[in-house]
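Okay, so here's the structure we're looking at.
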Amino acid sequence: MAAPVLRCFARGRWFGTPGPSGVLLLGPREAHSGAQGLLAMQKARGLFKEFFPETGTKIELPELFDRGTGNFPQTIYCGFDPTADSLHVGHLLALLGLFHFQRAGHNVIALVGGATARLGDPSGRTKEREALEPERVRSNARALRQGLEAMVANHQQLFANGRAWGSFTVLDNAAWYQKQHLVDFLTAVGGHFRMGTLLSRQSVQTRLKSPEGMSLAEFLYQVLQAYDFYYLFKHYGCRVQLGGSDQLGNIVSGYEFIHKLTGEDVFGITVPLITSTTGAKLGKSAGNAVWLNREKTSPFELYQFFVRQQDDLVERYLKLFTFLPLPEIDHIMQLHVKEPEKRGPQKRLAAEVTKLVHGQEGLDSAKRCTQALYHSSIDALEVMSDQELRELFKEASFSELVLDPGTSVLDTCRKANAIPDGPRGHRMITEGGVSINHRQVTNPECVLVVGQHILKNGLSLLKIGKRNFYIIKWLQL
Ligand SMILES: Nc1ncnc2c1ncn2[C@@H]1O[C@H](COP(=O)(O)OP(=O)(O)OP(=O)(O)O)[C@@H](O)[C@H]1O
Ligand SMILES: N[C@@H](Cc1ccc(O)cc1)C(=O)O
């Protein structure tokens with residue numbers, strides 16, 4: 001078989017010149033209606049980065065998505081390994097890719113890698129993943145499934161405007177590997193893979209050259225991912241796999257396997273990798289993940305993560321992480337030029353993502369928390385639920401104190417360990433550095449008053465300096 005290359009679609013036809021690594025970068029093309037419009041639109045948004053395989057397939061990728069060709073609808077999948085109990089913002093991009101296909105009427109599958117997570121994907125990693133206990137992988141897989149299903153429901157309820165879409169199915173590859181006999185698998189599947197090809201993959205090469213080397217389990221990872229693609233092709237008619245750009249080698253393995261076995265063409269589409277400001281891939285491995293599970297990153301923290309994005313990134317993120325039409329994004333950016341201090345694009349981005357991930361209730365909560373902490377809103381603080389308060393306490397330190405009669409501002413600050421002992425702490429109050437429930441308190445001896453210093457819900461919000469918050473829950477009120 002000729003060596004497969006990536007290709008791009010431009011001005012209504014496929015074209016491409018190999019980049020430095022044989023990868024063809026996508027060129028621009030005119031957006032128009034129908035299936036070609038879907039790929040072009042996602043290219044314009046920056047969501048689809050590379051397409052695979054080489055030209056010369058029986059059917060061209062855009063035709064696959066065309067309502068008029070009898071190929072409609074297609075099934076597209078993306079896999080997520082449950083190596084943690086939550087998805088993160090990096091995964092969201094691949095999920096957005098699935099949602100865009102679903103919105104265009106195609107059927108999509110999110111595959112939880114309950115089996116593959118046990119092996120650990122070596123792609124893009126310089127070290128082997130820590131082995132996970134089977135029970136841990138199972139509970140992570142349950143959590144991922146729940147998270148995915150919640151987002152699918154939010155997407156359907158809050159972003160559909162009554163339109164009918166394709167289906168969204170969540171599967172787990174443990175379902176087929178559990179039943180798989182090892183010798184049968186190696187005989188039926190292993191025989192179709194050539195060692196030279198498997199060894200040539202970038203992920204394998206990097207690891208083989210590292211001092212740690214590579215285990216057989218990791219080496220076989222790409223075979224399992226290739227088999228998944230084949231399984232989904234056979235049972236669900238799935239012809240397209242979506243993944244981060246680090247997944248290309250595994251996707252190519254799937255293409256080669258399916259093509260060899262069936263003579264049919266399947267395709268891969270990659271999304272760009274989201275990186276932190278230091279350039280590291282945002283995710284578990286780099287320890288910089290922004291999680292989608294509320295217990296790990298609250299709606300407020302997720303919202304704030306996007307509100308904090310810099311001006312030079314926000315337009316790109318609006319295109320990648322939201323469903324807002326491009327002209328609307330242009331309009332938002334034009335307003336931003338006039339009033340940059342309002343951080344309009346950042347707030348809209350934060351709102352759209354938080355709504356998709358945590359629903360309307362999650363977005364309301366994020367806004368209440370933002371109001372309470374950063375906009376001095378007592379009303380917002382007074383109506384917060386226990387869960388929101390706990391989530392806020394992640395950023396602010398939290399103490400439970402008994403309210404003795406005559407408790408003063410100074411006592412409160414000391415008991416909450418918010419000011420240093422001695423005259424310095426006293427001075428911090430008299431010099432105006434302390435506020436309670438967003439009102440400055442300059443008299444250290446002032447006795448706390450319920451309704452003013454203590455809110456209806458038995459809380460006080462103490463602020464020292466510009467951004468050190470302490471939340472006090474008063475007991476025995
Ligand atoms: N930062 C990111 N940007 C874009 N896509 C990502 C990012 N992180 C993960 N993905 C993609 O999400 C899918 C599932 O990835 P997976 O669950 O295995 O995470 P991962 O790649 O192992 O992350 P990590 O390296 O943080 O452990 C893959 O297609 C992967 O490429
Ligand atoms: N290998 C992917 C996850 C995955 C698992 C199984 C698949 O069939 C596809 C993708 C990753 O680590 O990011």
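Each ligand, and each atom within it, is numbered from 1 in the order the structure gives.
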Show the atoms of ligand 2 that are less than 4.0 angstrom away from any heavy atom in [X].
{"X": "Gln241", "result": "9 (C)"}
{"X": "Gly79", "result": "3 (C), 4 (C), 9 (C), 10 (C)"}
{"X": "Leu111", "result": "7 (C), 8 (O)"}
{"X": "Tyr221", "result": "1 (N), 2 (C), 3 (C), 4 (C), 5 (C), 12 (O)"}

Original post:
Is the Phe321-Phe306 ring centre distance short of 6.0 angstrom?
Top reply: yes
**OP:** Assert yes or no for the condition that the ring centre distance of His100 to Phe48 is strictly below 6.0 Å.
**Re:**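 Centroid separation for His100 and Phe48: 6.0 Å or greater.
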**OP:** Evaluate ring pair (Phe, Tyr, Trp, His ring centres under 6.0 Å) for Tyr77 paired with Phe229, printing each intermediate quantity in order.
**Re:** CA-CA 8 Å; Tyr77 102 97; Phe229 200 175; 5.6 Å; yes
Subject >> Option among Leu92, Asn293, Leu148 that satisfies the side-chain contact (heavy atoms from CB on, under 4.5 Å) test with Leu87 >> reply: Leu148
**OP:** Between Asp246 and ligand 2, find which residue part has any heavy-atom pair under 4.0 Å and reply side chain, backbone, both or neither.
**Re:** neither
Original post:
What do we get for Phe229 next to ligand 2 when only non-hydrogen atoms under 4.0 Å count, side chain, backbone, both or neither?
Top reply: neither
To which protein heavy atom is [atom] closest, and what is the distance rounded to 0.1 Å?
{"atom": "atom 2 (C) of ligand 2", "result": "Gln247 OE1, 3.1 Å"}
{"atom": "atom 6 (C) of ligand 2", "result": "Asp228 OD2, 3.4 Å"}
{"atom": "atom 12 (O) of ligand 2", "result": "Asp121 OD2, 3.1 Å"}

Original post:
Can you tell me if Gln225 and Ser253 form a side-chain donor-acceptor pair at under 3.5 Å?
Top reply: no
Original post:
Any side-chain donor-acceptor pair under 3.5 Å between Thr83 and Asp81?
Top reply: no
Subject >> Residue pair His235, Tyr231: steps toward the ring pair (Phe, Tyr, Trp, His ring centres under 6.0 Å) verdict >> reply: CA-CA 6 Å; His235 293 87; Tyr231 184 94; 4.1 Å; yes
Original post:
Are Val152 and Phe99 side-chain neighbours, meaning at least one heavy-atom pair lies under 4.5 Å?
Top reply: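 Val152 vs Phe99: side chains touch.
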Out of curiosity, [X] [atom1] to [Y] [atom2], how far, rounded to the nearest 0.5 Å?
{"X": "Leu38", "Y": "His106", "atom1": "CG", "atom2": "NE2", "result": "5.5 Å"}
{"X": "Phe80", "Y": "His88", "atom1": "CZ", "atom2": "NE2", "result": "9.5 Å"}
{"X": "Phe101", "Y": "Ile269", "atom1": "CZ", "atom2": "CD1", "result": "4.0 Å"}

Regarding ligand 2, does [X] bring an N or O atom to under 3.5 Å of one of the ligand's N or O atoms?
{"X": "Gln225", "answer": "yes"}
{"X": "Thr116", "answer": "no"}
{"X": "Asn173", "answer": "no"}

Original post:
With a cut-off of under 6.0 Å to the ring centre and 45° to the axis, is Lys355 in cation-pi contact with Phe159?
Top reply: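 Yes, Lys355 lies over the aromatic ring of Phe159.
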Original post:
Distance under 6.0 Å and angle within 45° of the ring axis: does Arg239 meet both against Phe267?
Top reply: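 Pair Arg239/Phe267 does not count as cation-pi.
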Original post:
Mind checking whether Tyr77 has a heavy atom under 4.0 Å from ligand 2?
Top reply: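 Contact check Tyr77 vs ligand 2: positive.
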**OP:** Tell me, please: is Gly113 in heavy-atom contact with ligand 2, that is, under 4.0 Å?
**Re:**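 No heavy atom of Gly113 comes that close to ligand 2.
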Contact table ligand 1 N or O to protein N or O, d under 3.5 Å:
residue  : atom   : partner : partner atom : Å
ligand 1 : 1 (N)  : Ile274  : O            : 3.0
ligand 1 : 1 (N)  : Leu282  : O            : 2.7
ligand 1 : 3 (N)  : Ile274  : N            : 2.8
ligand 1 : 5 (N)  : Gly90   : O            : 3.2
ligand 1 : 15 (O) : His91   : NE2          : 3.4
ligand 1 : 17 (O) : Asp81   : N            : 3.3
ligand 1 : 17 (O) : His91   : NE2          : 2.9
ligand 1 : 19 (O) : His91   : NE2          : 2.9
ligand 1 : 21 (O) : Lys281  : NZ           : 2.7
ligand 1 : 22 (O) : Arg129  : NH2          : 2.6
ligand 1 : 25 (O) : Lys281  : NZ           : 3.2
ligand 1 : 25 (O) : Ser285  : OG           : 2.8
ligand 1 : 26 (O) : Lys284  : N            : 2.4
ligand 1 : 26 (O) : Ser285  : N            : 3.1
ligand 1 : 27 (O) : Arg129  : NH1          : 3.2
ligand 1 : 27 (O) : Arg129  : NH2          : 3.4
ligand 1 : 27 (O) : Ser285  : OG           : 3.1
ligand 1 : 29 (O) : Gly244  : N            : 2.8
ligand 1 : 31 (O) : Gly244  : N            : 3.1
ligand 1 : 31 (O) : Asp246  : OD1          : 2.6

